[in-house]
Amino acid sequence: MTPDYKNLKTLGENMRAHNAKYHKDGPHQAAVYNISTGPNAGSFVWMMGPTTYTHLDKRPSEDGHDEDWRDNVMPFIKKIHTVEFWKMDTKLSNMSTMDGDNSKHPVIFVRYHEIKEGKGALSFSFLEMVSKTIKGMDGDNPWGVYWNEFRQGDLGRHLATVGFLKNWAEMDEDNDFKATFEKVHGKGKWDAFLDLGDEVFSNSWDEIWSYNAHMSGK
């Protein structure tokens, strides 16, 4: 969502009140992230979940929810860019250390990928190699793989991988991904791994998101 920059304070207070009342916890809990880098910087992401489609049938649409969103939130939004449903790949992801508290990992590194036509199966092979490497690294390295549930056409955004960071300073650390890769998969396979990525993906780009506890209603 791109906000009306003339009314950021009002939007912040209204969004906070809405989320605190209707999306505080459970399958309908909401989180707001500020997009800090890239062409979408200055906009934010509102997300609900983790949830299921069944839970959507019981979303908090009554008790004034829809009216509050319509009258107190939407007037301060310039544009909603897209609405998407993402499903985590529990096999590939490395989320055992995550407990659902967004404030513990307030900086997240999102990498979007567009998969070339006919290369879906190979994308799993590529991601399996990344997953095994991350799981073989020292320390806690929470990382999620998310598939876009619906066809995107020219929008791309087929796949997103997400790294969860405790602070920006973690980005200064050298995790030596390549060294762990060669330890896990064997030396001499690094170049083939890079070539596989080029074969599978037609495009990729990064965004850094920062957790906005205030607007999330926390």
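Start at 1 with the first residue, then count along the sequence.
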Aromatic ring pairing [X]/[Y], orientation class (parallel under 30°, perpendicular over 60°, tilted between):
X      : Y      : answer
Phe181 : Phe193 : tilted
Tyr112 : Trp209 : tilted
His23  : His65  : perpendicular

Taking atom types as modelled, find out whether [X] and [Y] have a side-chain donor-acceptor pair closer than 3.5 angstrom.
X      : Y      : result
Asn148 : His158 : no
Glu84  : Trp86  : yes
Asn102 : Tyr33  : yes
Asn34  : Ser36  : no

Separation between [atom1] of [X] and [atom2] of [Y], rounded to the nearest 0.5 Å:
X      : Y      : atom1 : atom2 : result
Asp68  : Met74  : CG    : CE    : 12.5 Å
Met1   : Thr82  : CE    : OG1   : 11.0 Å
Leu11  : Lys6   : CG    : NZ    : 15.0 Å
Asp176 : Lys183 : CG    : NZ    : 8.5 Å
Ile134 : Thr180 : CD1   : OG1   : 10.0 Å
Arg59  : Leu56  : CZ    : CG    : 8.5 Å

| request: Test Val200 against Lys116 for side chain to side chain contact (heavy atoms under 4.5 Å, CB included), laying out the working first. | output: CA-CA 6 Å; Val200 169; Lys116 294 179 182 178; over 6 Å; no
Counting only pairs under 3.5 Å, give me each side-chain donor-acceptor contact of residues 46-54, with atom names and distances, residues two or more places apart or in other chains.
{"residue": "Trp46", "atom": "NE1", "partner": "Asn19", "partner atom": "OD1", "Å": "3.0"}
{"residue": "Thr51", "atom": "OG1", "partner": "Pro27", "partner atom": "O", "Å": "3.3"}
{"residue": "Thr51", "atom": "OG1", "partner": "His55", "partner atom": "ND1", "Å": "3.4"}
{"residue": "Thr52", "atom": "OG1", "partner": "Thr54", "partner atom": "N", "Å": "3.4"}
{"residue": "Thr52", "atom": "OG1", "partner": "His55", "partner atom": "N", "Å": "3.2"}
{"residue": "Thr52", "atom": "OG1", "partner": "His55", "partner atom": "ND1", "Å": "2.9"}
{"residue": "Tyr53", "atom": "OH", "partner": "Glu149", "partner atom": "OE2", "Å": "2.9"}

For the residue pair [X] and [Y], what are the closest heavy atoms and their distance?
X      : Y      : value
Ser93  : Asp89  : OG-O, 2.7 Å
Glu62  : Tyr22  : O-CE2, 4.1 Å
Asp140 : Thr97  : OD1-CG2, 3.5 Å
Thr37  : Ile208 : OG1-N, 2.9 Å
Glu199 : Leu122 : OE2-CD1, 3.4 Å
His105 : Pro142 : NE2-CG, 3.9 Å

Do [X] and [Y] sit in the same hydrophobic cluster, where Ile, Leu, Val, Met, Phe, Trp and Tyr count as joined when their side-chain heavy atoms come under 4.5 Å apart?
X      : Y      : result
Ile115 : Phe126 : yes
Phe109 : Val32  : no
Leu127 : Leu194 : yes
Val184 : Met129 : no
Ile108 : Val45  : yes

Under 4.5 Å between any side-chain heavy atoms of [X] and [Y], yes or no?
X      : Y      : value
Lys79  : His81  : yes
Asn175 : Met137 : yes
Lys104 : Asp99  : yes
Val107 : Tyr211 : no
Phe164 : Met95  : yes
Ile35  : Phe44  : no
Thr133 : His185 : yes

Output yes when a side-chain donor or acceptor of [X] lies under 3.5 Å from a complementary backbone atom of [Y], and no otherwise.
X      : Y      : value
Gln152 : Phe150 : yes
Asn167 : Glu170 : yes
Ser131 : Leu92  : yes
Arg111 : Thr161 : no
Lys218 : Lys24  : yes
Glu13  : Lys9   : no
Asn212 : Met215 : yes
Asn141 : Gly139 : yes

Other residues, nucleotides, ligands: >12 heavy atoms within 6.0 Å of [X] [atom1]:
X      : atom1 : answer
Lys132 : NZ    : no
Arg70  : CZ    : yes
Asp198 : CG    : yes

ask   = Salt-bridged, Lys189 to Glu182, with N to O below 4.0 Å?
value =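 Between Glu182 and Lys189 there is no salt bridge, as every charged N stays at least 4.0 Å from the carboxylate O atoms.
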(request) With salt bridge (Lys or Arg N to Asp or Glu O under 4.0 Å) as the test, would you mind laying out the steps for Lys78 and Asp4 before giving the verdict? (result) CA-CA 5 Å; Lys78 293 173 65 176; Asp4 178 355; over 6 Å; no
Inset, instruction - Before giving the answer on salt bridge (Lys or Arg N to Asp or Glu O under 4.0 Å), spell out for Arg157 and Glu114 the whole-Å C-alpha distance, their side-chain angles and the decisive distance to 0.1 Å. - result: CA-CA 6 Å; Arg157 298 164 64 93; Glu114 293 181 2; over 6 Å; no
Original post:
Can Leu165 and Met171 be said to form a side chain to side chain contact (heavy atoms under 4.5 Å, CB included), step by step?
Top reply: CA-CA 8 Å; Leu165 309 176; Met171 297 189 68; 3.5 Å; yes
* Evaluate the criterion side-chain hydrogen bond (donor to acceptor under 3.5 Å, both in side chains) for residue pair Ser43 and Thr2; output intermediate values, then yes/no. => CA-CA 4 Å; Ser43 295; Thr2 296; 2.8 Å; yes
For this session: Take Phe124 and Trp147 through the ring pair (Phe, Tyr, Trp, His ring centres under 6.0 Å) test and state the conclusion after the steps.
Result: CA-CA 11 Å; Phe124 283 96; Trp147 300 96; 4.9 Å; yes
